[in-house]
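Below is one structure, written out as C-alpha cells; the observations come after it.
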Amino acid sequence: MTDAPAPAIELVGISKRFGAVQANRDVSLSVAAGSIHGIVGENGAGKSTLMSILYGFYEADSGEIRIGGTPRAIRSSGDAIAAGIGMVHQHFMLVETLSVVENVVLGAEGGAFLKGGLANARAELARLSQDYGLVIDPDAIVGELSVGLQQRVEILKSLYRGADILILDEPTAVLTPPEADQLFVLLRALKRQGKTVILITHKLREIMDVTDAVSVMRRGEMVAHVRTSQTSPPELAEAMVGRRVLLRVEKEPRQRGAPVLEAVGISVTDARGLALLSEASLTLHAGEIVGIAGVAGNGQSELLDVLAGLTAPSRGVIRLNGQILNAADRKPARLRELGLMHIPEDRQKAGLVTAFTAAENAILGYQHEAAFGAGPFLSPRAIAAHAREAFAAYDVRPPDPALKTANFSGGNQQKIVLAREIERAPKVLLVGQPTRGVDIGAIEFIHRRLIALRDAGVAILLVSVELEEVMALSDRILCMCGGRITGERAAEATDERDLGLLMAGVTERAA
Amino acid sequence: MTAAPITLPRWADAGLVPLVSVAAALVVAGLVVIGIGESPLEATALLLRGSLGSAEGLAFTLYYTTNFIFTGLAVAVAFHAGLFNIGGEGQATIAGIFAALACLWLAPLPGILLVPLAILAAAAGGALYGFIPGWLQATRGSHVVITTIMLNFIAATLLVYLLVEKIGKPGSMQPETPDFAKHAILTPMHQLLAPLGVTLPATPLNSAFLLALACLVAVWALIFRSRLGYAIRTTGANPRAAAYAGISPARITMVAMAISGALAGGLAVNEAMGVQHRLVLDFTGGYGFVGIAVALMGRGHPVGVALAAFLFGILYQGGAELSFDKPTITRDMVVVIGGVIILFAGALDGLFRRVVASGLRLGRVL
Amino acid sequence: MEWVQTLAVILDSGVRLSIPLLCAAMAGLWSERAGVVDIGLEGKMLVAAFAAGVIAYQSGSAWAGLGAGMLAAILLSLVHGFAAITWRGNQIVSGVAINMLAAGLTVILGNAWYGQGGRTPSLEGAARFPDIALPFAAAARQSIPVIGTLYDEVVSGHAALVYLAFASVALTAFVLKRTRFGLRLRAVGENPAAVDTAGISVAGLRYAAVVICGALCGLGGTYLAVSQSAGFLPHMTAGKGFIALAAVIFANWRPVPALWACLLFGMLDAVAIRLQGVSLPGIGLVPVQAIQALPYLMTIILLAGFIGRSTPPKASGLPYVKER
C-alpha cells in the first residue's frame, strides 16, 4: 500500500472538439498512483479521444494534464513517452514484419547501429519476463504471434521505455477469455510493482474483476467516479446508458402473426478464428418489433450483417417465410426480392453514397427496377420524380432530389434510407441504429413510422445502443453480450436494471 | 497540412480547380520556353495560329483530338470504378493487332461489313487486354496499376514480333503490315464532307472523329444514364455501399476494365484504319499516357474529356507547326505540359484545392 | 575453349546491362520500403542520364556528371515526395507525371542546347568513366583456366559505377537490416502509426527515403549516359525503370534477391541481343521478343500468385493520415 500523496494522473477540464462533434467536454479525472483505474462508456462516449489526448496523439482545445502532481504539456507521443506514459492501443501499433525485439526498440534504439540496442533490449526483455511472467521469444516475427502475445509485445514496448503509467484501450476486445484472464493476472502484477494502469473498456465484468476505481463517460462527459467495491454492474450500466426523459411512443398492444424470419444457431468467426457471434437464434413474427439490447460491439452488427446477406455465417440456418435460405438466396439483391429490407447501422459508410445526389441514393439497391428507366438505362426524370414523392412522404428536408447527399443533415440522410427501404412494403425489416446522430424531431418521426409498419404486419428487428429506444419500441427484447444472446424479455415485463444485468453478461442461470 | 477535406462549391470543384491547375501547368511550360531562350507569347501566337488559324490546321487539331478523346475516355471510365488504368497504350496496341488482322484476313468482305467488323475487332482486342488485369485484380488480387504497366511492355514486344516475323510486309525492311485494302479504311473527312459542299484540304482527319464523338455520348449515357454506370459509380465511390446494394465489386472491376480497354482501342481505329492504313510500330505514340492527363483534367466527365482532348489537340498540332518556325520547341513540349497537368490536376489536387479555396475566401473578403 | 570466351562475353554484357536495373531497383526498394510507391524510377533515371551527359560534357569530368545526375534525380524525387508525403496525393499519378515530364523535358532541353535531336554531344576522355582492371586480372587469365577468363572478363574491367552499384546493394542491405535508420524505415512502410506513436516523424523518414531513391536513380542514369554510352540519347532508359520495378516485386522488396533478379533480367537481355538473328540448332530462330517480354510476364504471373507470393510493404501507396 502506498500513501500516494499526488495522483499519478490528473486531468482538469479537458475539452476537445472535432468539427461539429464535441468529443470531450470539460472532462476531469484523477487516477491514484499504483492503482488500476477503469474508464467505461459506450462507443463514442469519448474514452479513446481522452486517452489519445493524454498520449499526445491529439492536443486538447482546453484543460490541463498533471503527471505526478506537476502540469505537463503533452503535444506528441514523444512527450508522453518522456512523461512515463505508455499506451496499448486497441489496434496494436506493431510492425508485423519485424521481430519482437525490433518492435520493442523502435524509437528507443540507443544508437545509430542496432547491434548494441538489440542486445540491451534482449537483456531487458529477459528481466521483464522474470519480473512479470511475460514469457516471449524475442526473435519471433510479430505477425506470426497470437493476438494475446502481440498485446504482450505492446505492453513490453511501454515497459522497455520505462513507462510508469500504462493505458490499455479496450484490451480484451480481441482476446479470447483465457487470454483475457492472463492479461488481468499481468495487470495485477504490474500494480504490485507500483505501476499505474488505466483500463478502458465497455465490459463491466472486467471492471468489477480488476479495477480499484472506475470512471464513467457518457456523450463526451465524465458522469461518475466511484470505487469499484462500492458499485455494481447494473449501476454502471445505468450510468453508461443514462437516464433521460422517458421516450413516449404511442403503441397499441398487437397480436403478433406467424413466424417470418427464423435464425437458428448462427455463428460468425473472424479471420483470426475469434468468435464474433456464437450460436445466436431468434424468431421474428409478423407484426412485432424485436429489439436487441446490448452495449455496442457485442455481436449485434454481425447478426445484422448475416441476416442482411452481407456476411456469410460460419454456422447456422436462416429461414425466411418457412424456406431455408441457401447461399444463393443470402445475397442482398435476392433478399430484397424476397421482401427483406435493411437499414444499415452506419448509413454513411454502407447505406448511402454520400457523393451521389439524394435522388440517386433513393434507388440504391433498387437500381435494377423497371420503374426507373427503360431497359439498361436509368431515367433521371423517373428517379427524380420517385425521389420527390418519397421525400414528400417522409418529410425529407430540403426536398431537393438534385442535392448532394453529403449536404443533408444526419436525420434527413436517415429519412432517405428509411423511405427507400420501407416504401416497398417489406415483410421483414432489419433496422440498425435508426436514430444515431438524428435530431429530436426526426427521431419521433422515425419511431412513429416503425410502429406503423409493425401495425401493418411487418416483422421488425431493431438493433440500437440506445436502451431507451429499444424499450420504447420493442414488443420483445433480446439482450446480447460477447456475441451471445443472453436472455429474452417481454418489453412490458422488464426494466433497465433487469436488462442491464443481461447486457453485462449475467445470464439467468448465473443470476 | 490538414486532414479535413476541403469542400468547395460544385462549380469551383468541377471548373475552377482544373482551370487553375491547367493555367499553372501552362505557366510552367512558359518558363521552360523562356529557359530555352524563346518568347512564350510569340510561341503561343504561333501555336494558336498553327492549330486553329486555318481549316487545315483545325482538321489536324481534330485528328489529334480524336486520339485523346478515346484514351481520355478509357482512363475516365476506369476512374469511375475506382480503378487506375495506365494500360491504354497496351490495350490500343492489341486493338491495333486485332483490327489489322481483321482488315487483312477479312479483306474479301465488302467495306460495309469489313469496316464495322474491324472496328469491333479493335474494341474486342482492347477489351480483352483490359479485362485481363481487371480479372487478375478481381480474382487474384494483383493490382491493376502494376499489371497494366507490365502488359504495356508485353504488348509492345508482341507487336514487334508480329510485325517482324509474322504479319509484316513481305520484302520490306520496315516493321509494318502491308497496306489495308482500299475498302477497309475509314473515310477521310475531306471526302466525307465533299458531297455536302464543304471543301477541306486533305488531312488525317477521318470518320473515326465521328466515332469518338459517338463514344463521348455513349460513355456519358453509360456512366450517368445507365444501370451499369450506376453500379460502376457506386463501386468506385463506396465499395461497401455497393455490396449493400447487391452490386458485385469484383464483377464491376472486370467489366469496367474491359470497357476501358475497348475505348483505348479507338486509338488503334483512328491511327491504323483512319490514317496509316496499315499497322506500324509504336503507332500508340504515347497518346495512352496523355489520356491520363485528359481524364484528370476533364474530371472524368465526357464534356470535360472533350474539352481537355481539344486542348491537347491544339497543343499537338500547334506544337508541330511551332517546331517548323522554332526548331527548339518540339512536340515534346506537349509531353511536358501533359506531365505537369497530371502532376498539378492529379497528384497535387489537394494543393490546388487549397489555393482555390483561399482565393474564394479572399474574394469574399474583398 | 571458345565456349568459355562466349560465355564470358555474354556474362560480361549481362552484368553491364543489369547495372541500371540494379541502381533503379535499389532506389525503388528504398522508396517503397518506406511506403512511397514509385513508378517514376524510369523518369528519374532519364533526367539523371541527361543531366550527367550535359555536365560531363561541359565540365569534361565524369564525376561532375555523376554529381549532376544525382542532384537532378533527387530534385525530381522531392517533387514526388512533395506530392505524395506533404500533400498526400496519389502516388501512382505523381509517378506517371514524373515519367512524362522527364521524357519531354530531356528532349526539349537537349535539342535546344545542342540541336542534335535531343542527344548530348559525345563524351570523350575524362568525361567518361574508365574501365578499372582489377588486380591480377590479366595474370589470372593466363594461369587459371575458365575461372581466370571469367574473372578477367566478367568481374574485372568495369567502370567505377559498376562497382558502386554493387556496393549500393551491400550498403542497402546493411543499412536496412542493421541500423536504427533502417529499422525505422522498414517500420514506416509497414505501419506508420507505430512509428508515429513511438515519437518518430513519419514524413521525415519518408522524405529521407525518397532522397536516397533519387540518389540511386542518379547513379543508374549516370551509368547509362556516361559509362555505358558516350552521351545522352532520348528515351535511353527504354523501360529499364519498369523492369527494375518488376525486379523489386520479384525480390519481394529485399535487396539481395533484387540483385539476383536484376542480374537475371540483365542476362536475359544479353542473351536476347546475342541471339538476334541467330538460328540455334534444333530450335531454329529464337523470337528475341519472347525473351525480352519475359521479365514482365514473370512479374504478372508472380503477382497473380501462381508462383510464390509477393507481399509489398503494407502501407505502400497510402498517405499517412492520423486517424480519429
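Protein chains get the first letters and strands the later ones, always in sequence-line order, with residue 1 at the start of each.
- Counting heavy-atom pairs closer than 4.5 Å to chain B, the top-ranked of the candidates P344(A), A355(A), A406(A), A333(A) is P344(A).
- Contacts between L364(A) and chain B at a heavy-atom distance below 4.5 Å involve backbone atoms as well as side-chain atoms.
- Here the shortest heavy-atom pairing between A237(B) and V353(A) reads CB-CG1, 3.4 Å.
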Between chain B and chain A, which N/O donor-acceptor pairs sit under 3.5 Å?
unit_1: R225(B); atom_1: O; unit_2: L378(A); atom_2: N; d: 2.5
unit_1: R227(B); atom_1: N; unit_2: P376(A); atom_2: O; d: 2.9
unit_1: R227(B); atom_1: NE; unit_2: G375(A); atom_2: O; d: 2.8
unit_1: R227(B); atom_1: NH1; unit_2: Q367(A); atom_2: O; d: 2.8
unit_1: R227(B); atom_1: NH1; unit_2: H368(A); atom_2: O; d: 3.3
unit_1: R227(B); atom_1: NH1; unit_2: E369(A); atom_2: O; d: 2.8
unit_1: R227(B); atom_1: NH2; unit_2: E369(A); atom_2: O; d: 3.4
unit_1: R227(B); atom_1: NH2; unit_2: G373(A); atom_2: O; d: 2.7
unit_1: R227(B); atom_1: NH2; unit_2: G375(A); atom_2: O; d: 3.4
unit_1: Y230(B); atom_1: OH; unit_2: E360(A); atom_2: O; d: 2.5
unit_1: Y230(B); atom_1: OH; unit_2: L364(A); atom_2: N; d: 3.3
unit_1: R233(B); atom_1: NH1; unit_2: E360(A); atom_2: OE2; d: 2.8
unit_1: R233(B); atom_1: NH2; unit_2: E360(A); atom_2: OE2; d: 2.7
unit_1: N238(B); atom_1: ND2; unit_2: K349(A); atom_2: O; d: 3.1
unit_1: N238(B); atom_1: ND2; unit_2: L352(A); atom_2: O; d: 3.1
unit_1: Y244(B); atom_1: O; unit_2: R336(A); atom_2: NH1; d: 3.0
unit_1: Y244(B); atom_1: O; unit_2: R336(A); atom_2: NH2; d: 2.8
unit_1: Y244(B); atom_1: OH; unit_2: H342(A); atom_2: O; d: 2.6
unit_1: Y244(B); atom_1: OH; unit_2: R420(A); atom_2: NH2; d: 3.1
unit_1: Y244(B); atom_1: OH; unit_2: E421(A); atom_2: OE2; d: 3.0
unit_1: A245(B); atom_1: O; unit_2: Q367(A); atom_2: NE2; d: 3.4

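- Only the backbone of L352(A) comes within contact range of chain B, with at least one heavy atom under 4.5 Å from a heavy atom of that chain.
- Each of G351(A), G365(A), A308(A) has some count of heavy-atom pairs under 4.5 Å with chain B, and the biggest count is that of G365(A).
- Residues meeting the ring pair (Phe, Tyr, Trp, His ring centres under 6.0 Å) test with F79(B), sequence neighbours left out: F84(B).
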